[in-house]
Amino acid sequence: MRKILIGTLAALGWAVASVASAATGTVLRDEKLLTQPSATAGVAGSVARGANVTILSKDGGWLRVTAGKTTGWVRLLSVRAGAGGLGGAGIGDVVGAATTRSDPTRVVAVAGLRGLNDEQLKQAKFNADELARMETHGVTTAQASGFAAQSGLAAVKIADLPKPKAEQSTSPWGGE
Amino acid sequence: MKTKHLILAALLAVTSVPASAFDLGKFLEDRVNRELNKGKPAQTAPEQSAPAQPPPAPAQTAPVPAQTAAAPQPAKQKVDPTQLGFALFGDYSLDEEIRIGRQIAGNLLGAVPLVRDDTLQRYVNLVGHWVAQQSGRSEVPWRFGVIDTEAINAFAAPGGYVFITKGLYRMLDNEAELAGVLGHEIAHVTKKHHLKVLKQSTLISALGQAASRKVQGSDPAVQNLIGNGAEIMARGLDKSAEYEADRVGIVFAARAGYDPWGLPNVLQGLAGLPSGDNRTSLLYKTHPHAADRLAELGEAVGDRFDGLGGRDVANRFYRLR
């Protein structure tokens, strides 16, 4: 009896935790839902751009999501967290404002906290003392390398990412 | 190079005749237009104003005679050829780049001071410098600072001055996320995004004043170039520059050995914030929405980071007190 009770409580606790950690998201491009967080894994289903998903967990560059009745893994960069829909502008404002918590791993947003605005920046006066303070915190190449090595960080060779095709013709920033 | 000197010599000759001050403005305008159109197939004639580049507004040329008149000793004022160099040709030397960045950084710090936590500042400099070492610009004296505002944002000024707000720092979960954010800002510096903006806009207005090369406090000539205070940080860049900084910055962080998903995780956190959050108002005035940045980054990354390891270094991450 006691065991059953504990089991029930544990299950309840798990259920509560699951609800609390469920975050919503929107799929940013047509994607397959995979059975494992790997490009070579089997296909469990598919999701279309704009579809709403529930984000269950994360593993490296992958998110485990539920879309309708299907659950599977999708690339982290193929989903946006939050209730704002596909893009930054538009309907997201209304929906987003009503959302107090969409990702449990993050600080809960408190609307109303005063931020930095452009007028403050425009009126800003040069502060030589603060700048001098900033300069004193600078470190050398040797110090930074030693610090990196302490945590086992080592430089890796990785190629530059290409500019996506859609952007190539419109950028005013010229060649790279 | 010889032409450059010849033109500078010509400019200096012209400036010695006060009556021709307005003609100087016109001359500079033409010179600038030609400079901006250099490399384009149809080279415009010197007298023509270039069609592709709108001629500077009258307000931009006006400061030249006005400031000359307002200067205490206009007759003795000399024009610094180096200053002309960076105003006209846009090919800023490292010294000039640092001089511009220093002024912007000093102004930004005038609006928001550093967080008074030396351990935090030191930690951010160590992480930032290590990431910057993967950027290929080792000649830049990189400096990083956490500034004391709850606004969620990060800034970069030319010459290696990088800032992250306390509000954004608070959202971070591990060192890889910090590295991702700093990588984005470092990319703005290595790609010289702000310098390109300056090159495109306020070329002529820097001419009115000749400043000494070594300035301890505020640098009037550079201030003239960058506008009011640190407003250049509020104007923002073209969104393609932001997407480029995401693409380049994520690679810098990955090259430093960090989990490459640091920046995407931070963008996910931003995307999850309610859009009415005041702390992100300036961020979204100057940056595309996090959802668009994730989509754009996804196009570039695709499967390229599959199988890439990397550390998130969560255990060492410095938590704000």
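Each chain gets a letter, A, B and so on, in the order the sequences are listed, and its residues count up from 1.
- Taking each heavy atom of B:W130 and A:A144 in turn, the nearest pair found is N-CB, 3.8 Å.
- Looking at B:D259, there are no atoms closer than 4.5 Å to chain A (heavy atoms on both sides), in backbone or side chain.
- The shortest side-chain heavy-atom distance between A:R75 and B:D306 falls under the 4.5 Å cut-off.
- Looking at A:L77, both its backbone and its side chain come within 4.5 Å of chain B, counting heavy atoms on both sides.
- With a threshold of 4.5 angstrom between heavy atoms, B:V124 does not approach chain A through any atom at all.
- For the options B:G106, B:G257, B:G298, heavy-atom pairs under 4.5 Å to chain A are most numerous at B:G106.
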Practice item. Give the intermediate values and the outcome of salt bridge (charged side-chain N to carboxylate O under 4.0 Å, His left out) for residues B:E244 and A:K163. Key: CA-CA 8 Å; B:E244 183 179 40; A:K163 184 182 285 188; 5.3 Å; no
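- A 4.5 Å side-chain heavy-atom check between A:R80 and B:H289 finds at least one atom pair inside the cut-off.
- Both the sub-6.0 Å distance and the 45° axial angle are satisfied by B:R316 relative to the ring of A:F147.
- Heavy atoms of A:A155 lying under 4.5 Å from chain B belong to its backbone as well as its side chain.
- The local environment of NZ in A:K58 is crowded, with over 12 non-hydrogen atoms from other residues, nucleotides or ligands closer than 6.0 Å.
- Listed options B:A111, B:A132, B:A300 were ranked by heavy-atom pairs under 4.5 angstrom with chain A; first place goes to B:A300.
- At distances below 3.5 Å, not a single donor-acceptor pair connects side-chain atoms of A:R133 with backbone N or O atoms of B:L114.
- Heavy-atom distances place no part of B:I152 under 4.5 Å from chain A, backbone and side chain included.
- Contact annotation for B:D118: both backbone and side-chain heavy atoms come within less than 4.5 Å of a heavy atom of chain A.
- For A:T136, no part sits under 4.5 Å from any heavy atom of chain B, backbone or side chain.
- Heavy atoms closer than 4.5 Å to chain A are found in both the backbone and the side chain of B:E299.
- The most heavy-atom pairs under 4.5 Å with chain B, out of A:K157, A:Q143, A:E135, A:K125, come from A:E135.
- Inter-residue side-chain proximity for B:F144 and A:H137 is flagged as unmet; no heavy-atom pair is nearer than 4.5 Å.
- Interface remark: of the candidates A:N127, A:D118, A:V156, A:L153, A:L153 forms the most heavy-atom pairs closer than 4.5 Å to chain B.
- For B:V313, the part lying under 4.5 angstrom from a heavy atom of chain A is the side chain only.
- Ion pairing of A:D160 with B:R255 is present here, as a side-chain N (NZ or NE/NH1/NH2) and a carboxylate O approach within less than 4.0 Å.
- Only the backbone of B:V162 comes within contact range of chain A, judged by heavy atoms closer than 4.5 Å.
- Taking B:L294, B:N153, B:T280, B:V301 one by one and counting their heavy-atom pairs under 4.5 Å with chain A, the maximum is reached by B:L294.
- At distances below 3.5 Å, not a single donor-acceptor pair connects side-chain atoms of A:E130 with backbone N or O atoms of B:V112.
- Between A:L121 and B:L282, the shortest heavy-atom distance links the atoms CD1-CD2, 3.8 Å.
- For B:L283, no part lies near chain A; criterion is any non-hydrogen pair under 4.5 Å.
- In this structure, chain A has no heavy atom under 4.5 Å from any part of B:F252.
- For a residue to count as touching a neighbouring chain, one of its non-hydrogen atoms must lie under 4.5 Å from one of that chain's; by this rule A:S145 touches chain B with backbone and side chain alike.
- Rounded to the nearest 0.5 Å, atoms CG (A:N117) and CG (B:N278) are 10.0 Å apart.
- Taking the side chain as every heavy atom from C-beta outward, B:F305 and A:L76 never approach each other to under 4.5 Å.
- For the set B:I147, B:D312, B:L297, the count of heavy-atom pairs under 4.5 angstrom toward chain A peaks at B:L297.
- Counting heavy atoms from C-beta outward, A:Q123 and B:N228 have side chains that stay 4.5 Å or more apart.
- Across every non-hydrogen atom of A:G152 and B:R311, the tightest pair is O-NE, 3.2 Å.
- Residue contact with chain A, scored on non-hydrogen atoms closer than 4.5 Å, involves the side chain of B:E175 exclusively.
- Of the residues considered (B:I250, B:V251, B:V131), B:V251 shows the highest number of contacts with chain A, using heavy-atom pairs under 4.5 Å.
- Both the backbone and the side chain of B:R143 come within contact range of chain A, each with at least one heavy atom under 4.5 Å from a heavy atom of that chain.
- Heavy atoms closer than 4.5 Å to chain B are found in the backbone of A:A159, but not in its side chain.
- Between A:L131 and B:Y161, some side-chain heavy-atom pair lies under the 4.5 Å cut-off.
- Within the 4.5 Å cutoff, side-chain heavy atoms of B:R247 are placed close to those of A:P164.
- Of the listed residues (B:A105, B:A254, B:G310, B:G145), the one with the most heavy-atom contacts under 4.5 Å to chain A is B:A254.
- For chain B, no part of A:E119 is nearby; none of its heavy atoms comes within less than 4.5 Å.
- Considering only heavy atoms from C-beta on, A:F126 stays 4.5 Å or farther from B:D219 through its side chain.
- Proximity of a side-chain donor or acceptor of A:R29 to a complementary backbone N or O of B:A295 within less than 3.5 Å is detected.
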